Amino acid sequence: MSHWLTRYLLTLPPPAARPHPAGLDQAAVLVPLVKRQDGWYLLLTRRAATLRHHGGQVSFPGGRRDSTDASLIATALRETQEELGIAPALISVQGKLPALPTVSRFWVQPVLACVSHAYHATPNPDEVARVFEVPLSFLLNPAHYRQKVVIRRGQRHPIWFIPWQDELIWGATAAMIQQLACLLDAERWHSIKIEQV
């Protein structure tokens, strides 16, 4: 197991729970790590362009919590199976990253997990246009991040962007990846300057 993941799992304290704000629907996404021969990769999807929320954007598998879900972890696992056809038996949940709100009025819980390298994705075409993997080593490097600050309702909101090949990872998904990068490689992220766009 990579030293980054080991550091996260064994030495870092769990993230402090933030209360679920009123008026936001609960949701969860799976943050899936896959071990390949040359290192760890993060599994991502590009959403179908026809979706109502964030169509065509890069995201993690996930969605709104159903009343039948026992927990937000159960939500992330169910949504991953519905969207990608990856059974929970191939997924080992490792922990949770701090939840965050989205502009689409969701309170999203990222669930960190390892996915078997033998997985075979069968994307639901109504929800997923593409499945791809990005090297974790690339995502840990602050040089690959851009940031834009927007003013909304008088408050400053930083928006993260991560260009990768023909994809642009941004918004809540990029913010979750940036959180993970900070946890896994805090020394590298300390006192860095991110390029503004």
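The first residue of the sequence shown is numbered 1, and numbering continues consecutively from there. Bear in mind that the values here come from a model prediction, so they are computed numbers and not experimental data.
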Enquirer: Under 4.0 Å between a side-chain nitrogen and a carboxylate oxygen: does that hold for E127 and R47?
Expert: no

Enquirer: Considering only heavy atoms from C-beta outward, does the side chain of P142 approach that of R188 to under 4.5 Å?
Expert: yes

Enquirer: Could you state the interatomic distance from CZ (F138) to CD (E133), rounded to the nearest 0.5 Å?
Expert: 15.0 Å

Enquirer: Would you say P88 and Q81 make side-chain contact, with heavy atoms under 4.5 Å?
Expert: yes

Enquirer: Between D185 (side chain only) and C182 (backbone N and O only), is there a donor and an acceptor less than 3.5 Å apart?
Expert: no

Enquirer: So, are E167 and R130 salt-bridged, with charged N and O less than 4.0 Å apart?
Expert: yes

Enquirer: Sequence neighbours excluded, which residues qualify as side chain to side chain contact (heavy atoms under 4.5 Å, CB included) partners of L90?
Expert: I86, S116, Y119

Enquirer: Would L112 and V93 count as a side chain to side chain contact (heavy atoms under 4.5 Å, CB included) if you check the C-alpha gap in whole Å, the side-chain angles of each, and the deciding distance to 0.1 Å?
Expert: CA-CA 6 Å; L112 184 66; V93 172; over 6 Å; no

Enquirer: How long is the straight-line distance from CG of L183 back to CG of L180, given to the nearest 0.5 Å?
Expert: 6.5 Å

Enquirer: If the condition is side-chain hydrogen bond (donor to acceptor under 3.5 Å, both in side chains), which residues does D38 pass it with, not counting sequence neighbours?
Expert: Y41

Enquirer: Restricting to side-chain hydrogen bond (donor to acceptor under 3.5 Å, both in side chains), what partner residues turn up for E82, sequence neighbours left out?
Expert: R78

Enquirer: Are the side chains of V149 and I159 in contact, using a 4.5 Å heavy-atom criterion?
Expert: no

Enquirer: Rounded to the nearest 0.5 Å, what's the gap from NZ on K35 to CG on L136? Could you check?
Expert: 10.5 Å

Enquirer: Specify the closest pair of heavy atoms between M176 and L97, including all atoms of both residues, with the distance to one decimal.
Expert: O-CD1, 4.0 Å

Enquirer: Would you say the side-chain atoms of H144 pair up with the backbone N or O of L139, donor to acceptor, closer than 3.5 Å?
Expert: no

Enquirer: Could you tell me whether the side chain of Q94 reaches within less than 4.5 Å of the side chain of C114, counting heavy atoms only?
Expert: yes

Enquirer: Any idea which heavy atoms bring P125 and A48 closest together, and the distance?
Expert: O-CB, 3.9 Å

Enquirer: Of all residues at least two apart in sequence or in a different chain, which pass the side chain to side chain contact (heavy atoms under 4.5 Å, CB included) check with S71?
Expert: I73, A74

Enquirer: Using a 4.5 Å cut-off on heavy atoms from C-beta on, say whether the side chain of L184 contacts that of L140.
Expert: yes

Enquirer: Is a donor on one side and an acceptor on the other found under 3.5 Å between the side chain of N124 and the backbone of D126?
Expert: yes

Enquirer: Applying side chain to side chain contact (heavy atoms under 4.5 Å, CB included), name anything that partners A76, two or more places apart in sequence or on another chain.
Expert: A28, L30, V111

Enquirer: Does the T45 side chain pair with the main chain of F60, one donor and one acceptor, at a distance under 3.5 Å?
Expert: no

Enquirer: Which pairs pass side chain to side chain donor-acceptor pair (under 3.5 Å) with one or both residues in residues 168-178, sequence neighbours excluded?
Expert: none

Enquirer: Decide yes or no on side chain to side chain contact (heavy atoms under 4.5 Å, CB included) for L43 and L84, but give the supporting numbers first.
Expert: CA-CA 11 Å; L43 175 65; L84 303 180; 4.2 Å; yes

Enquirer: What are the two closest non-hydrogen atoms of I169 and A174, and how far apart are they?
Expert: O-CB, 3.8 Å

Enquirer: I'd like to check R65 versus L72 (side-chain heavy atoms, cut-off strictly below 4.5 Å). Are they in contact?
Expert: yes

Enquirer: For the residue pair Q109 and K96, establish whether any side-chain heavy-atom pair is separated by less than 4.5 Å.
Expert: yes

Enquirer: Tell me if a side-chain donor or acceptor on Q26 pairs with a main-chain N or O of W107 at a distance below 3.5 Å.
Expert: no

Enquirer: Please find the pair of heavy atoms, one from A113 and one from I91, that lie closest to each other, and give the distance.
Expert: CB-CG2, 3.6 Å

Enquirer: Rounded to the nearest 0.5 Å, how far apart are CG of D166 and CH2 of W164?
Expert: 10.5 Å

Enquirer: Can you name the closest pair of heavy atoms from A99 and P110 and give their distance?
Expert: CA-CD, 3.9 Å

Enquirer: Indicate the atoms forming the closest heavy-atom contact of L168 with V58, along with that distance.
Expert: O-CG2, 3.7 Å

Enquirer: Any idea how Y145 and W189 line up, ring-wise: parallel (<30°), tilted (30 to 60°), or perpendicular (>60°)?
Expert: perpendicular

Enquirer: Run the numbers on R64 and E79 for salt bridge (Lys or Arg N to Asp or Glu O under 4.0 Å), then give the verdict.
Expert: CA-CA 9 Å; R64 183 194 308 262; E79 287 281 348; over 6 Å; no

